[in-house]
Amino acid sequence: MSPAVRKVVLPVATFVTFIALWQLASVTFEIPVYLMPAPSDIWGGGQGLGLVLFDHALQTLNTIVLGFFCACCVGIPLGVLVSVNRTISEMFYPLIVFFNAIPIIAIAPILVVIFGTDETTRLIIVTLTCFFPIMVATASGMMDTPSEMLDLARVAGASTMVEILTVRLPHAVSFIFSGLRIGVTVAVIGAVVAEFVNANKGLGYLVTSSTAQFAIPTATACVVMLALISVLLYQAVNWIHRGFFAWSIKTDAGD
Amino acid sequence: MTQAPLRDPALTLVARATPPAPKPSAERKEPIIELSHAGVTFETRKGEALTALEDLNLTIYREEIVSLVGPSGCGKSTALRILAGLQPLSSGDFWIGGGKTRQGFSEVAIVFQRPTLLPWRNVLDNVLYPARVLRGRATKEDKARALELLELVGLAEMAKRMPHELSGGMQQRASIARSLILDPKILLMDEPFGALDALTREDLQLDLLEIHARTKKTILLVTHSISEAVLLSDRVAVMSARPGRLQDLIEVDIPKPRGPESGALPAFHEYSRRIRDDIFGPRKRREVQA
Ligand SMILES: Nc1ncnc2c1ncn2[C@@H]1O[C@H](COP(=O)(O)OP(=O)(O)OP(=O)(O)O)[C@@H](O)[C@H]1O
Ligand SMILES: [Mg+2]
């Protein structure tokens with residue numbers, strides 16, 4: 001088997017076996033659906049929802065992607081600021097760490113009270129959940145820049161801004177993408193939490209509402225959908241990294 | 001040559017010593033770099049003061065190649081970093097260039113011991129980097145010149161390659177091409193050939209002599225190799241062990257153009273021996289004292 005084929009066949013085989021065993025166990029031990037739905041039950045739950053499932057999934061996907069985008073817009077510049085200016089770093093870093101230490105799940109209901117029960121609040125919750133890893137990764141990447149490269153920029157007469165744009169940021173790209181990979185999975189969690197506390201649509205809402213009616217297979221189908229979305233987004237970040245910043249992967253491997 | 005007034009803000013960072021009055025350009029010995037009583041003291045992590053350089057005096061004249069040799073840790077790199085504007089002085093003064101505003105690599109260019117190419121840019125763009133920094137973008141002329149320089153250092157075919165595709169020697173050649181892109185008056189080189197194998201090293205030394213013969217730049221070269229210093233330099237400045245100061249200044253009077261055959265001249269060995277004595281002599285004396 002060629003390595004490329006192995007990379008697909010082996011995990012798929014494991015996955016199929018896992019599902020089959022799960023199904024077998026559910027049937028042979030007659031595990032009640034409300035304790036642990038069998039794969040067939042989950043499939044049925046999803047089928048029962050039909051296109052509605054995708055409708056809710058799109059809503060959640062929308063919240064995740066927008067919130068993640070906001071987190072990038074906040075996290076990357078903040079990471080740059082914190083790493084470049086010592087005063088700013090000393091002033092704001094502790095505050096940011098403190099904000100990050102607050103469990104988002106705990107303040108989500110409070111945020112709903114403050115900002116109301118609409119999409120804005122959900123976006124704020126997603127942004128707050130996932131900007132921190134992005135910011136920290138950006139800052140570490142910027143500060144990791146080899147001093148010789150900075151010397152080069154300085155002798156060439158680069159201003160701080162030019163130095164950031166031509167040396168520090170490009171060097172930080174592989175770090176930033178590590179942050180984005182973490183950030184995007186955390187954003188999924190943020191979106192679900194946001195929909196738990198405040199939504200009349202979306203997979204998170206569907207999980208709570210169907211659980212309330214003991215429709216466990218339906219809720220589990222939503223969870224599976226969320227996992228799929230998470231994997232998809234993670235891969236999307238990887239694709240962007242490989243597609244547009246291939247050089248940074250090369251240097252990564254070299255170190 | 002016009003002299004900018006010294007209160008020019010861009011200048012005060014780098015050049016505080018007063019440039020000497022301009023001499024007629026016909027005269028060969030026109031100072032272009034001056035270190036006077038230069039001292040640098042670092043603070044170690046434990047808070048102790050570490051004097052890297054003390055009272056270093058050195059004048060370098062236009063179109064000269066001067067080598068800086070001395071025991072490891074004596075402050076050669078520090079001296080070079082002062083002149084490049086990367087290291088502030090703790091005491092003393094220095095002055096570099098025609099007293100004009102510094103304009104990146106168009107005035108003073110540096111070659112580091114390691115190639116220091118930007119891994120996300122191809123070789124051509126790396127060579128163009130100083131031009132991009134200076135003007136915001138590279139002009140057509142810049143590009144033509146960059147290709148010319150790559151040709152000069154034997155990398156014409158590598159222009160579109162990424163740095164990691166080049167060998168160490170090739171990368172260092174690219175960094176030498178980069179240092180020349182804006183036609184600087186002064187070239188500062190910190191052990192530019194140090195990390196290279198003997199063959200590449202010899203090749204690049206000869207390249208440098210050729211570049212110097214063609215472009216008449218002032219070159220200050222830090223090196224660990226005594227024979228390299230003798231082969232390349234008009235003068236060799238020998239520094240003492242830490243705290244570094246000037247121990248000897250040797251005028252190398254070997255006929256030009258020099259080449260591999262220059263190494264066979266008796267004078268070559270005379271100079272080499274004198275430098276070696278300068279470096280190792282004091283240590284022996286210290287042993288006798290102890
Ligand atoms: N940033 C720094 N902080 C503290 N000490 C430093 C720093 N840079 C250099 N030094 C010290 O200053 C002294 C001179 O360093 P420098 O790099 O100039 O030596 P050098 O002559 O170039 O040595 P080598 O030939 O090994 O390259 C050394 O003892 C070094 O430990
Ligand atoms: Mg050194």
Side-chain angles (χ1 to χ4, degrees), chain A residues 76 79-80 83-86 137-180 237-255, chain B residues 10 13-14 77 80-88 96-97 101-122 125-138 161-165 171 174-175 178-179 181-182 184 186-190 195:
Chain A
I76 294 174
V80 170
S83 63
V84 167
N85 189 307
R86 217 166 133 206
T138 307
S140 352
M142 302 275 295
M143 287 191 280
D144 182 73
T145 315
S147 62
E148 281 197 336
M149 280 187 198
L150 299 176
D151 286 347
L152 171 73
R154 275 180 67 188
V155 182
S159 61
T160 309
M161 196 61 187
V162 171
E163 180 193 289
I164 290 172
L165 290 177
T166 62
V167 179
R168 284 188 189 265
L169 258 184
H171 177 80
V173 161
S174 61
F175 289 77
I176 293 176
F177 270 95
S178 312
L180 293 184
V237 172
N238 268 342
W239 286 323
I240 294 172
H241 193 182
R242 279 201 215 109
F244 296 96
F245 302 93
W247 43 263
S248 67
I249 296 171
K250 186 73 204 169
T251 52
D252 235 14
D255 287 338
Chain B
L13 262 182
V14 192
S77 299
L80 218 64
R81 290 172 56 83
I82 294 168
L83 297 174
L86 293 170
Q87 172 66 53
I96 185 167
T101 316
R102 273 167 51 96
Q103 293 196 313
F105 269 37
S106 63
E107 176 88 19
V108 179
I110 191 162
V111 177
F112 296 100
Q113 182 165 2
R114 288 196 285 164
T116 322
L117 300 177
L118 304 177
W120 50 87
R121 296 194 165 183
N122 67 28
D125 284 337
N126 262 291
V127 172
L128 285 168
Y129 179 72
R132 290 236 165 82
V133 169
L134 184 70
R135 305 193 239 277
R137 61 184 200 89
R161 298 289 183 84
M162 297 308 273
H164 70 260
E165 297 176 84
Q171 291 187 18
S175 90
R178 174 181 62 196
S179 71
I181 182 72
L182 292 175
I186 301 164
L187 207 50
L188 304 173
M189 308 177 101
D190 192 352

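Letters go in sequence order (proteins before strands), and every chain restarts at 1.
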Output every pair passing salt bridge (charged side-chain N to carboxylate O under 4.0 Å, His left out) with a member in residues 165-177 of chain A, not counting sequence neighbours, ordered by first then second residue.
E163(A)-R168(A)
R121(B) portion near chain A, given a 4.5 angstrom heavy-atom threshold:
side chain
Contact origin within L117(B) toward chain A - heavy atom pairs under 4.5 Å:
backbone
Partners passing side-chain hydrogen bond (donor to acceptor under 3.5 Å, both in side chains) against R81(B) (at least two apart in sequence or in another chain):
D151(A)
Which residue out of R114(B), R132(B), M162(B) racks up the most heavy-atom pairs below 4.5 Å with chain A?
R114(B)
Looking only at heavy atoms, which two atoms of P119(B) and M149(A) are closest? And how far apart?
CD-CE, 3.5 Å
Do you know which two heavy atoms are closest between P130(B) and A156(A), and how far apart they sit?
CA-CB, 4.4 Å
Can you confirm whether [X] sits close enough to [Y] that some side-chain heavy atom of one is under 4.5 Å from a side-chain heavy atom of the other?
X: W120(B); Y: T166(A); result: no
X: H171(A); Y: L118(B); result: no
X: E148(A); Y: P115(B); result: no

Heavy-atom pairs under 4.5 Å with chain B, option from L152(A), V162(A), L150(A) with the top count:
L152(A)
Chain B contact via V167(A) - side chain, backbone, both or neither, heavy atoms under 4.5 Å
both
